[in-house]
Every structure is written in structure tokens, then in C-alpha cells.
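This one's a predicted model, so the numbers in the text were calculated from it and none came from an experiment. Both counts, for ligands and for their atoms, begin at 1 and track the order of listing.
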Amino acid sequence: MSFPSRRLRRLRTSEKMRELVQQTTLSSKDFICPVFVQEDLKTRVKIESMSEIERLPLDDINDEVGTITDLGIPAIMLFGIPTKKDEVGSSAFNDNGIVQKTISQIRQNFGDKIVIMADVCLCQFTSTGHCGIVQGDKIDNDTSLDTLAKIAVSQAKAGVDTVSPSAMMDGQVATIRKALDDNGFTDVSIMSHSAKHRSNFYAPFRDAAECAPKFGDRKTYQVPYTNAREAMLEVETDINEGVDIVMIKPALSYLDLIAEARRRFNIPVAAYSVSGEYALVKAASQLGYVNEKDITEEILYSIKRAGADMIVTYFAKSASKFLQES
Ligand code: PBG
């Protein structure tokens with residue numbers, strides 16, 4: 001017998017053969033598209049550090065969601081930028097707040113043609129830029145929980161499908177679940193930013209959403225990127241508190257955690273490919289060092305291959321376009 005007997009190249013001989021044995025698939029149905037909406041804005045504003053991503057006025061939301069649904073993307077993730085910030089983030093749970101208005105407008109115009117997800121956090125809404133309420137020089141966990149619950153309920157009243165707490169306060173899932181249920185919103189689901197790491201990859205987002213902390217950093221609440229077991233415990237805790245979808249964030253430097261969460265838990269796992277991951281690809285592509293389409297495809301496939309069931313990505317629209325064409 002000639003050597004080698006196993007020739008793996010046999011299944012790589014033609015495009016069709018490669019298609020036949022392709023294990024991981026990627027389509028627009030895997031994506032959740034982030035949308036930034038800013039109160040009192042008249043025209044779209046480009047985000048300097050995130051090429052092709054914009055903050056939208058409420059008036060442009062129908063067009064934007066129309067484009068997203070036409071591309072076959074099933075869900076959006078809403079982030080609001082309010083005009084007024086204060087210490088307790090009151091614009092975040094105002095029934096007439098920018099996020100609430102956006103949710104009800106989309107619900108009215110699109111019915112159930114799109115899954116409306118909304119970020120539940122305080123940093124865009126507090127004068128401190130922190131994800132919880134500051135007392136003294138600390139971010140107070142339990143006062144923050146009450147506020148997060150109020151935000152979730154006000155978004156539910158507006159018609160949100162899924163609330164997505166990203167504040168990393170302990171007990172946020174249990175508190176929000178109870179508040180939703182007590183107010184009759186038993187069908188509103190929770191996708192928690194379960195293992196949200198203290199990451200340097202969020203820098204461009206802070207530019208996009210005006211939410212950089214005014215003092216200190218987020219190390220007392222976000223997960224250290226050195227601790228994989230702690231990340232799994234965050235995921236497990238959210239599951240015990242009744243979460244519907246867990247998330248690992250960021251994605252690309254955290255593929256090991258996506259894979260581990262997928263193996264360990266029988267619950268949908270989302271990955272959030274964050275602003276810094278997007279900005280790196282955009283910058284290198286614009287310099288001509290990499291091919292944007294090819295590298296985006298490879299990154300998104302790798303996140304799927306690691307085990308993510310869905311990906312929150314700023315490439316949602318552009319990738320859906322090239323996936324349709326190929
Ligand atoms: C804040 C929030 C952040 C992101 C999503 N929600 C930033 C932060 O924690 O500082 C980052 C998302 C991204 O970088 O794309 N609640």
C-alpha cells in the first residue's frame with residue numbers, strides 16, 4: 001500500500017466538494033445588528049473610530065431597520081444616547097426616553113418582523129459614566145439593581161422582545177426577571193452580557209455611545225480577562241438566575257470561553273464581537289494590509305466554529321451583503 005493512505009486533500013479537490021464537507025456555516029440569520037440612536041439628533045453622525053457606523057436620529061430608524069430586515073438579519077441591539085445625564089441615570093427608565101420611543105416606533109412599524117433587543121445599562125445615562133450608581137467612590141451594586149429593573153420594565157412596556165443587561169452588577173438577571181414577571185412581562189426574554197470582560201477592545205464604543213467613565217475604570221465590576229473559571233461562574237450564575245441567552249464578550253480574544261460555555265451549558269450562547277475588533281479590521285483594511293471582506297469572513301466563521309449560536313457584530317450589514325453575493 002502506498003503511503004500516505006489517508007489523503008485529506010481528496011475532500012478539497014473542487015469548490016463543490018469543499019462545499020459538501022463544510023462543517024461550519026454562516027449567514028445573515030446568525031447576526032444581531034447594533035443600532036445607536038441619539039435623542040434630539042437631526043441628521044446621522046459618523047463615529048470617528050468606527051468607520052461606516054453612525055448614530056441615528058429617531059427619524060432615520062425606520063429606514064435603518066428596513067435595511068436590516070431586507071438583508072435577512074433577524075435582530076437588532078439598541079443603544080440609546082440621551083440628551084440629559086444625571087447621577088441616577090433617570091433618562092434610562094423614562095417611559096418617553098429615547099430607547100423606549102425607538103422600541104415602540106419599531107414595534108409599530110415592523111410588528112414581529114424583527115427581534116428588538118435593547119441594552120440595559122447605565123453608563124450612557126449617568127453623569128459619572130459608570131454602569132451602576134455611584135455612592136461615595138464606589139459603584140453600589142444593590143441600588144443599581146433597582147434601577148436596572150426599572151429600565152427593563154420601561155423597555156418591556158415599550159414593546160421590547162429581549163432585554164440585555166450589560167452592567168455586570170451581581171444579581172442583575174434575577175432582579176430583572178422578577179421585575180418583568182411582577183409586571184406581567186413573562187414573555188420578555190433576557191440575554192445577559194454574562195461574561196463581560198474588562199476589555200481594552202471597548203474603546204471605540206465609548207466614543208460611539210459617549211459612555212467613558214469620568215473617574216476610575218470598570219475593574220470592580222467587569223470580569224478580569226485572566227480568569228476563565230470566573231467567566232464560567234458568571235455564566236452559570238446567570239443561568240441559575242433564569243437567563244435565556246448567555247453572552248461572552250468580547251469574541252475574538254475569547255474564543256476559548258465561547259467554546260467552553262458551549263460545551264458546558266445547554267443554553268444559547270451569543271458572542272459580542274465588540275467595537276475594538278471592528279476598528280482593528282477597518283483600520284488595517286483601509287491601510288491595505290488585509291482584505292476586509294476575507295478577514296471579516298474568517299473572523300465571523302471562527303466565532304461560529306467556537307460554538308456561538310449568534311453574533312452581535314458591527315459587520316452585520318456588510319457581511320450579510322457579501323454572504324448574499326457568494
Ligand atoms: C456599556 C457597554 C460597553 C459596550 C457595550 N455596553 C462598553 C463598556 O463596558 O465600557 C461595549 C461594546 C463594544 O465595544 O462594542 N454598558
Side-chain angles (χ1 to χ4, degrees), residues 31-37 47-55 76-82 85 89 91-93 99 117-134 139 141 144-145 147-148 151-152 155 162-169 172-173 176 190-225 231 234 247-254 270-283 296 299-300 303 308 310-317:
F31 302 145
I32 298 169
C33 187
V35 173
F36 296 101
V37 57
I47 297 161
E48 176 72 30
S49 51
M50 296 176 73
S51 168
E52 286 163 46
I53 307 292
E54 297 169 316
R55 295 193 206 155
I76 54 166
M77 171 70 74
L78 280 176
F79 292 98
I81 300 121
K85 302 187 191 231
S91 309
F93 50 87
V99 177
M117 300 182 154
D119 186 59
V120 173
C121 193
L122 277 168
C123 56
Q124 284 110 269
F125 301 89
T126 48
S127 42
T128 61
H130 274 292
C131 303
I133 310 262
V134 175
I139 290 89
N141 195 84
S144 306
L145 290 180
T147 308
L148 294 172
I151 302 173
Q155 293 179 350
T162 307
V163 292
S164 191
S166 67
M168 290 307 289
M169 294 297 127
Q172 61 182 11
V173 171
I176 289 171
I190 304 177
M191 175 168 81
S192 183
H193 293 225
S194 307
K196 178 177 176 185
H197 294 82
R198 209 286 303 162
S199 171
N200 302 300
F201 285 96
Y202 305 149
F205 178 91
R206 294 179 186 170
D207 189 16
E210 288 178 354
C211 69
K214 296 285 181 302
F215 68 90
D217 52 39
R218 306 211 201 284
K219 283 185 185 154
T220 66
Y221 43 103
Q222 298 182 342
V223 187
Y225 51 73
E234 285 281 6
M247 184 199 290
I248 307 290
K249 179 181 177 181
L252 198 52
S253 292
Y254 298 78
Y272 195 144
S273 180
V274 301
S275 56
E277 298 174 49
Y278 178 82
L280 293 185
V281 169
K282 281 292 190 183
T296 302
I299 289 172
L300 294 171
I303 298 169
M310 59 197 93
I311 311 173
V312 187
T313 170
Y314 302 96
F315 287 112
K317 287 192 291 177

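Counting only heavy atoms of the protein, atom 7 (C) of ligand 1 lies nearest to Phe205 CD2, 3.6 Å. In terms of protein heavy-atom proximity, atom 15 (O) of ligand 1 is nearest to Tyr314 OH, 2.6 Å. The protein non-hydrogen atom at the shortest distance from atom 14 (O) of ligand 1 is Ser275 OG, 2.6 Å.
Heavy-atom contacts of Arg218 reach the following atoms of ligand 1: 8 (C), 9 (O), 10 (O) (cutoff under 4.0 Å). Each of the atoms 1 (C), 16 (N) of ligand 1 lies under 4.0 Å from some heavy atom of Cys123. Distances below 4.0 Å separate heavy atoms of Cys121 from the following atoms of ligand 1: 16 (N). Every atom of ligand 1 is numbered from 1 in the order shown, and the set under 4.0 Å from a heavy atom of Tyr272 is 12 (C), 15 (O).
Ser199 contributes atom OG, which lies 9.0 Å from atom NZ of Lys249 (distance to the nearest 0.5 angstrom). The CZ atom of Phe79 lies 7.0 Å from the OG atom of Ser164; values are rounded to the nearest 0.5 Å. The distance from atom OG of Ser49 to atom OH of Tyr278, rounded to the nearest 0.5 Å, is 10.0 Å.
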Would you check, one step at a time, whether the test side-chain contact (heavy atoms from CB on, under 4.5 Å) holds for Leu252 with Phe201? CA-CA 10 Å; Leu252 198 52; Phe201 285 96; over 6 Å; no

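Remark: distances from the non-hydrogen atoms of Gln222 to ligand 1 include one below 4.0 Å. Judged by the shortest distance from any of its heavy atoms, Glu277 lies outside the 4.0 Å radius around the atoms of ligand 1.
Residues Lys282 and Glu52 are paired through a salt bridge, judged by an N-O separation under 4.0 Å between the basic side chain and the carboxylate.
Neither the backbone nor the side chain of Tyr278 comes within contact range of ligand 1; no heavy atom lies under 4.0 Å. When heavy-atom distances to ligand 1 are checked against a 4.0 Å cut-off, Lys249 comes that close only through its side chain, counted from C-beta outward.
Taking the six-membered ring where the residue is Trp, the centroids of Tyr254 and Tyr272 are separated by 6.0 Å or more.
Atom OH of Tyr221 sits in a crowded spot, with more than 12 heavy atoms from other residues, nucleotides or ligands closer than 6.0 Å.
The N/O atoms of Lys196, backbone and side chain alike, include one that comes under 3.5 Å of an N/O atom in ligand 1.
When atom types are taken as modelled, the side chain of Glu277 and the backbone of Val274 share a donor-acceptor pair closer than 3.5 angstrom.
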